[in-house]
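Below is one structure; the comments refer to it alone.
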Amino acid sequence: MKKEFIITIYSENHIGLLTRITIVFTRRKINIESLTVSESAIPGIFKFTIVVKSTEEQTIKVVSQIEKQVDVLKAFYHTNEEMIYQEIALYKVSTETLYDSDQIEKMVRNSGARILEITREYTVIEKTGHKEETQQLFEQLNKYKVMQFIRSGRVALTRDPIERLSEFLKERDAFLEQLD
Amino acid sequence: MLAFKTKSLVKTSDMTVKKVSGSQAVILSILEEGVDTIFGYPGGAIMPIYDALYDFDQNVKHILTRHEQGAVHAAEGYAKVTGKVGVCFATSGPGASNLITGIADAMLDSVPMVCITGQVTSPLLGTDAFQEVDVVGISMPVTKWNYQITTPEEIPEAIAQAFYIAQTGRPGPVLLDITKDAQFGELEFKYEKCRKIRSYVPESPINPEKIKEAAELINQAKKPMILCGQGIIISQAEEELKDFAEKAGIPVAWTLLGLSAFPTEHPLNVGMLGMHGNYGPNLLTNEADLIIAIGMRFDDRVTGKVSSYGEKAKFIHFEIDPAEINKIIKADVAVLGDAKKALKQLIPLINKNNHNTWIGEFRKCDNIENEKVIHKDLFPSKPGLTMGEVVRIASEKTNHDAILVTDVGQQQMIASRYFKFKNSRSNVTSGGLGTMGFGLPASMGAQLGAPNRTVVAMIGDGGFQMTIQELGTIVQNKLPVKIIILNNHFLGMVRQWQQLFFEKRYSFTELQNPDFIMIAKGFGMDGHKVDKREDLESGIQKMMDHKGPYLLEVTIEKEDNVFPMVPTGASVSDVILEP
Ligand SMILES: Cc1ncc(C[n+]2csc(CCOP(=O)(O)OP(=O)(O)O)c2C)c(N)n1
């Protein structure tokens with residue numbers, strides 16, 4: 001059965017690695033639902049968060065193919081339930097509609113969104129949440145016409161009390177030490 | 001000590017720092033890695049490296065092939081017989097893109113290889129400059145690792161990493177793309193071999209618990225069977241495999257790439273697995289209660305229909321690449337790591353045993369296969385010559401001690417089935433990619449890697465014409481390769497499928513061939529053609545007695561077929577012996 005999985009990858013910061021990783025998906029015709037890349041808490045190590053819809057069996061295989069890439073330190077996969085995750089969405093509406101009706105302001109307040117910037121012509125609203133939530137706000141706001149809309153890829157943390165990466169790096173260093 | 005004729009005298013191996021050009025650093029680095037042979041083809045973007053190479057002709061041999069595909073397959077042939085890293089040079093653009101088929105071949109067959117390509121000067125990158133192709137992008141899916149070098153300082157470290165990655169763990173091809181300005185620039189040269197990379201674990205340490213679990217299954221098994229893959233050869237575990245099989249009395253079947261790891265005449269050898277493998281090991285895969293796979297990856301040509309593969313068996317998988325575990329076949333026990341180390345730990349835990357009744361079942365199958373297929377192939381009574389008899393005689397005439405190089409198609413399967421081996425690293429073939437045109441260039445690499453051994457190349461008339469130009473390289477370098485063209489005037493393997501599965505609709509598989517002997521002679525190579533059985537043995541003898549390279553063309557019965565066969569999509573136990 002297909003469902004959403006979050007794949008987390010820790011890697012060295014090497015040019016071309018993003019392509020190597022995406023090839024693992026495209027070769028198997030797996031669509032990437034969302035992708036976020038940025039530097040992790042440990043300088044020089046980058047973190048990829050990739051959301052896919054797939055079977056668990058396929059996901060396990062994909063993760064081991066990713067981990068096989070020379071510049072990848074470690075890859076994990078999790079179900080949505082196992083992680084705390086968010087996406088951020090930005091909505092641009094005309095400032096005039098904001099004045100014409102108090103509906104928009106209500107929507108912003110009720111959904112825990114906030115206003116980022118107001119100019120004469122437009123207002124930018126920001127909301128973080130799960131995709132369903134940011135989508136719901138979009139649909140509400142769009143009744144008053146959303147001029148522009150963007151949603152980020154997912155960022156996610158495990159529910160573990162410790163950052164696994166630092167543990168992992170310690171183990172890896174110790175392991176490589178004893179190879180000599 | 002290296003002779004180095006430019007102004008700054010460079011001695012490597014001591015840690016003193018010398019100023020050299022990027023291109024000199026390339027040569028010095030590969031010498032530090034012990035490279036003695038380079039296969040390559042020059043062009044604009046790699047000219048500085050070729051210029052540096054000019055001063056090192058005493059230290060390293062460069063083989064100028066006639067096409068970059070020739071260079072890359074030759075490097076594979078060299079790597080397969082020596083176990084060392086094959087090295088290729090090519091220029092940017094078409095030179096680099098001509099390497100791709102061979103790199104893909106090396107990737108699928110785990111061949112250690114480092115390809116160095118020249119690239120346009122770095123300010124021109126991405127401008128569609130003359131002979132610019134994004135070879136790092138193109139080669140990404142078919143390399144174990146690749147990297148573009150744009151400054152001279154990066155060269156030594158990148159080359160050290162390339163060699164380390166190519167030959168450790170599961171070996172594979174690495175490509176380094178070096179811009180022309182990086183080749184021209186200067187650096188302080190200092191070389192240190194790479195010993196580790198933080199993000200890369202070449203092999204896992206053997207888990208003793210898993211060894212124990214494996215030993216338990218093996219000691220309990222009634223109908224166990226060993227599947228020997230190329231991993232045995234790569235990890236040099238041939239002796240351990242023999243000790244293990246002999247102690248436990250377990251029959252050994254092999255994959256196409258595992259061929260020659262286990263001596264053909266060994267009493268526990270039960271033959272080849274897969275689509276055109278032997279009858280017994282295919283049929284009995286579905287009778288076995290335990291399958292012990294060592295250094296093999298359950299390719300679909302081996303398994304046939306996966307859902308009914310090894311139906312009654314538990315699986316133990318010895319494998320160095322974690323991504324292969326459970327990829328195709330779920331392992332009951334997976335032993336990660338190097339095969340040699342794993343077998344060394346396993347052997348003491350194994351009970352001495354024999355499985356003579358079970359082995360008897362293989363021998364019964366052998367008798368059936370002998371009667372229905374093998375005898376007719378090897379000792380035909382019909383007038384047309386068979387590939388089987390050619391292979392039999394070639395193997396005999398070389399005392400079963402030659403290196404066999406095959407191309408792809410019927411001749412590859414027949415040669416793999418019937419050629420006999422005493423020594424490991426004696427079979428060179430394109431397994432995973434099935435690359436026609438592999439054979440001829442690979443045979444020159446094999447000969448350079450094993451100059452004192454006889455190299456016999458068996459090639460079809462189709463595949464021969466894909467890289468025929470390498471006859472020139474063979475002659476120029478006086479490589480005494482014995483080439484046998486098995487000429488059935490067809491793209492034989494495709495024709496066989498058309499016969500069996502497409503109602504004999506021979507759509508574009510018939511070949512009008514040139515006079516191969518005249519072509520060989522045009523290149524300066526001796527040769528002759530055999531059409532009749534009575535001339536075959538003496539013809540092969542004549543070739544073997546000849547001092548230099550030799551081309552023997554043998555006219556084969558047009559509709560000679562390869563059997564047994566596991567039809568695509570069928571289960572291994574549905575192996576058929578005749579059409
Ligand atoms: C580069 C490439 N193109 C196409 C094929 C498909 N193919 C597999 S076997 C074969 C026929 C080979 O014919 P030949 O070289 O004459 O050898 P034979 O089978 O007759 O021994 C073909 C076309 C291939 N394996 N490689």
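First the proteins, then the strands, lettered A, B, ... as listed; each starts at 1.
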Assess the residue pair Arg170(B) and Lys68(A) against the criterion (side-chain contact (heavy atoms from CB on, under 4.5 Å)); give the C-alpha distance rounded to whole Å, side-chain angles, the decisive distance to 0.1 Å, and a yes or no.
CA-CA 10 Å; Arg170(B) 179 176 179 177; Lys68(A) 181 168 163 174; 3.7 Å; yes

Indicate the atoms forming the closest heavy-atom contact of Ile23(A) with Pro141(B), along with that distance.
CD1-CG, 3.9 Å

Do Ser199(B) and Tyr10(A) have side chains that get closer than 4.5 Å, going by heavy atoms?
no

Looking only at heavy atoms, the pair that brings Ala323(B) and Gln65(A) closest together is CB-NE2, 3.8 Å

Using a 6.0 Å cut-off, check whether atom CD of Glu57(A) has over 12 heavy atoms from anything other than its own residue.
no

Are more than 12 heavy atoms from other residues, nucleotides or ligands located less than 6.0 Å from atom CD1 of Ile15(A)?
no

Test side-chain contact (heavy atoms from CB on, under 4.5 Å) applied to Val201(B) and Arg172(A), step by step
CA-CA 9 Å; Val201(B) 179; Arg172(A) 177 61 63 88; 3.2 Å; yes

Pairwise distance CD1(Ile197(B)) to CG(Leu73(A)) - rounded to 0.5 angstrom
11.5 Å

Starting from the C-alpha separation in whole Å, work towards a yes-or-no answer on side-chain contact (heavy atoms from CB on, under 4.5 Å) for Arg198(B) and Ile45(A).
CA-CA 11 Å; Arg198(B) 179 170 68 169; Ile45(A) 292 182; 3.6 Å; yes

What part of Thr143(B) gets closer than 4.5 Å to chain A, counting heavy atoms only: side chain, backbone, both or neither?
both

Counting only heavy atoms not in Lys131(A) (residues, nucleotides, ligands), do more than 12 fall under 6.0 Å from its NZ?
no

More than 12 heavy atoms of other groups within 6.0 Å of Lys327(B) NZ
yes

Side-chain touch Trp145(B)/Asp71(A), heavy atoms, less than 4.5 angstrom
yes

Interchain contact, Leu169(A) with chain B, by part (heavy-atom threshold 4.5 Å):
side chain

For Arg195(B) and Leu176(A): C-alpha separation, side-chain torsions, deciding distance, then whether side-chain contact (heavy atoms from CB on, under 4.5 Å) applies.
CA-CA 9 Å; Arg195(B) 291 183 201 292; Leu176(A) 292 177; over 6 Å; no

Just wondering, are more than 12 heavy atoms of other shown residues or ligands nearer than 6.0 Å to CZ in Arg159(A)?
yes

Are more than 12 heavy atoms, taken from residues, nucleotides or ligands other than Glu39(A), located less than 6.0 Å from that residue's CD atom?
yes

Measure distances from Val70(A) to the heavy atoms of chain B and classify the residue's part below 4.5 Å as side chain, backbone, both or neither.
both

Would you say CZ of Arg28(A) has more than 12 non-hydrogen atoms from neighbouring residues, nucleotides or ligands within 6.0 angstrom?
yes

Is it the case that more than 12 heavy atoms not belonging to Glu12(A) sit under 6.0 Å from its CD atom?
yes

So Arg20(A) and Asn146(B), do their side chains get closer than 4.5 Å, heavy atoms only?
yes

